[in-house]
Amino acid sequence: MKQLFLIPIFLISLISCEAQIPDKEGQIAAAVQAAPPEKQDRATVYGFDADGKKVLLREGTNEQICVADDPNKEGFSVACYHKDLQPFMKRGDELRAEGKERGEIFEIREKEAKAGTLKMPDHPSTLHVLSGVNASYNKETGEVENASLRYVVYIPFATAESTGLPTKPMVPGGAWIMDPGTHRAHIMITPVNK
């Protein structure tokens with residue numbers, strides 16, 4: 001009897017999990033909003049299928065690669081980045097799929113980047129992140145609401161000394177360098193929310 005009671009609960013939970021993943025068009029429309037407006041129409045977009053697996057939703061024709069909001073994570077976050085960051089991003093996805101934790105992923109990619117087996121961009125490459133704890137995509141307006149934009153400019157192995165940047169923001173929203181001297185060195189710019 002107890003098992004029969006659990007079947008409807010299991011089915012309801014499956015249906016509610018499926019409902020969390022927007023349709024392909026909604027995922028694309030939300031994801032590209034992290035890219036500069038003039039780059040959105042031709043960006044490549046990755047999103048998630050009904051099983052929550054990351055899949056290619058649209059092949060693009062410019063240098064931007066966008067990723068839809070991951071339904072398996074809390075909050076809302078979409079991102080777009082330069083195509084030369086794809087090996088770095090793809091390797092992170094592979095390591096997370098293997099069950100590796102954040103620190104472990106950093107160490108593995110650091111070692112691989114230094115060995116030359118993980119190709120990092122040889123020029124500054126930007127990642128744009130549009131996110132928010134209470135953010136969401138409004139299908140009726142076609143806009144992501146309650147989100148803020150953050151800019152990340154990857155400059156592998158750069159340091160505070162080589163860039164002149166501080167290692168912490170000097171003013172709210174000010175640029176600074178994070179992970180200096182590593183493969184993941186990047187300039188952080190987080191505009192102050194209005």
Side-chain angles (χ1 to χ4, degrees), residues 31-36 39-40 42-48 52-70 72-132 147-191:
V32 299
Q33 289 183 44
K39 304 286 186 178
Q40 295 176 1
R42 297 185 302 122
T44 294
V45 182
Y46 286 89
F48 298 87
K53 182 181 173 192
K54 191 173 182 181
V55 295
L56 179 67
L57 297 178
R58 181 178 83 186
E59 187 71 49
T61 57
N62 67 17
E63 76 285 355
Q64 291 292 306
I65 297 175
C66 300
V67 182
D69 181 52
D70 185 342
N72 301 308
K73 293 183 178 176
E74 289 290 317
F76 177 91
S77 182
V78 295
C80 295
Y81 54 86
H82 190 277
K83 66 181 180 181
D84 290 350
L85 285 167
Q86 182 65 348
F88 169 74
M89 299 297 183
K90 184 178 178 190
R91 186 64 176 132
D93 287 344
E94 291 168 354
L95 293 169
R96 276 186 288 281
E98 291 174 15
K100 304 282 193 254
E101 297 294 325
R102 184 181 174 101
E104 222 177 346
I105 291 169
F106 180 94
E107 293 300 324
I108 291 168
R109 289 196 293 196
E110 176 79 358
K111 183 178 177 183
E112 292 174 351
K114 285 182 175 176
T117 56
L118 173 59
K119 173 86 170 98
M120 294 298 293
D122 55 7
H123 54 83
S125 300
T126 304
L127 163 75
H128 308 270
V129 181
L130 184 64
S131 64
S148 57
L149 199 55
R150 179 175 74 245
Y151 308 93
V152 179
V153 183
Y154 283 89
I155 45 175
F157 302 106
T159 63
E161 294 75 20
S162 71
T163 62
L165 289 165
T167 56
K168 293 181 181 167
M170 294 172 59
V171 295
W176 60 288
I177 188 167
M178 186 173 184
D179 297 325
T182 72
H183 74 288
R184 219 178 88 103
H186 57 280
I187 301 168
M188 290 288 291
I189 304 167
T190 307

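None of these values were measured; they are calculated from a predicted model.
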message = So, using ring pair (Phe, Tyr, Trp, His ring centres under 6.0 Å) as the criterion, who are the partners of Phe88 when residues are at least two apart?
response = Tyr154, His183
Which residues share a salt bridge (charged side-chain N to carboxylate O under 4.0 Å, His left out) with Lys100, sequence neighbours left out = Glu98
task = Taking the side chain as every heavy atom from C-beta outward, state whether Ile155 and Ile177 have any atom pair closer than 4.5 Å.
result = yes
key: Heavy-atom check, side chain of Leu95 versus side chain of Glu104, under 4.5 Å   = no
message = Within the structure provided, determine whether Thr163 and Ile187 are in side-chain contact (heavy-atom separation under 4.5 Å).
response = no
By side chain to side chain donor-acceptor pair (under 3.5 Å) - contacts of Thr44 (at least two apart) = none
remark   = Here the pair of heavy atoms bringing Ala185 nearest to Pro180 is CB-CA, 4.1 Å
Pairing residues for Thr126 by the side-chain contact (heavy atoms from CB on, under 4.5 Å) criterion, not counting sequence neighbours = His128, Val153
ask   = Which atoms form the tightest heavy-atom contact between Leu127 and Ala79, and what is the distance?
value = CD1-CB, 3.8 Å
request  = Compare all side-chain heavy atoms of Pro87 with those of Leu118 and state whether any distance is below 4.5 angstrom.
outcome  = yes
Check: His123 and Ser125 side chains under 4.5 Å, non-hydrogen atoms = yes
key: Which residues share a ring pair (Phe, Tyr, Trp, His ring centres under 6.0 Å) with Tyr81, sequence neighbours left out   = none
remark   = salt bridge (charged side-chain N to carboxylate O under 4.0 Å, His left out) filter on Asp70, not counting sequence neighbours, yields none
key: Derivation of the side-chain contact (heavy atoms from CB on, under 4.5 Å) call for Met188 and Val152   = CA-CA 5 Å; Met188 290 288 291; Val152 179; 3.8 Å; yes
message = Could you measure the distance from the NE2 atom of His186 to the CG atom of Leu165? Nearest 0.5 Å is fine.
response = 11.5 Å
query = Got Met89 and Ile65 here, is their nearest side-chain heavy-atom distance under 4.5 Å?
reply = no
key: Taking every non-hydrogen atom, the tightest pair across Phe48 and Ala68   = CE1-O, 3.4 Å
request  = Mind listing the closest non-hydrogen atom pair of Ser77 and Asp69 along with its distance?
outcome  = N-OD1, 2.9 Å
task = Run the salt-bridge test on Glu110 and Lys114 with the 4.0 Å N-O cut-off and return the result as yes or no.
result = yes
Non-neighbouring partners of Lys119 that pass side chain to side chain donor-acceptor pair (under 3.5 Å), sequence neighbours left out = none
ask   = By salt bridge (charged side-chain N to carboxylate O under 4.0 Å, His left out), which residues pair with Glu94, not counting sequence neighbours?
value = Arg91
query = Between NZ of Lys90 and OH of Tyr46, what distance do you get to the nearest 0.5 Å?
reply = 8.0 Å
query = Which heavy atom in Pro169 sits nearest to a heavy atom in Gly174, and how many Å separate them?
reply = CB-O, 3.8 Å
query = Does the side chain of Pro121 reach to within under 4.5 Å of the side chain of Pro156, using non-hydrogen atoms?
reply = yes
request  = Mind jotting down which residue pairs meet the salt bridge (charged side-chain N to carboxylate O under 4.0 Å, His left out) criterion with at least one end in residues 56-67? Sequence neighbours excluded, please.
outcome  = Lys39-Glu63
query = Is the closest side-chain heavy-atom distance between Val32 and Gln64 below 4.5 Å?
reply = no
key: For Thr117, side-chain contact (heavy atoms from CB on, under 4.5 Å) partners two or more places apart   = Glu112, Ala115
Pairs flagged by side chain to side chain donor-acceptor pair (under 3.5 Å) wherever residues 165-176 is involved - sequence neighbours left out = none
inquiry  = Please give me the minimum heavy-atom distance between Ala34 and Leu149, naming the atom from each residue.
reply    = O-CD1, 4.1 Å
message = Suppose we screen for salt bridge (charged side-chain N to carboxylate O under 4.0 Å, His left out). Which residues come up paired with Arg42, at least two apart in sequence or across chains?
response = none
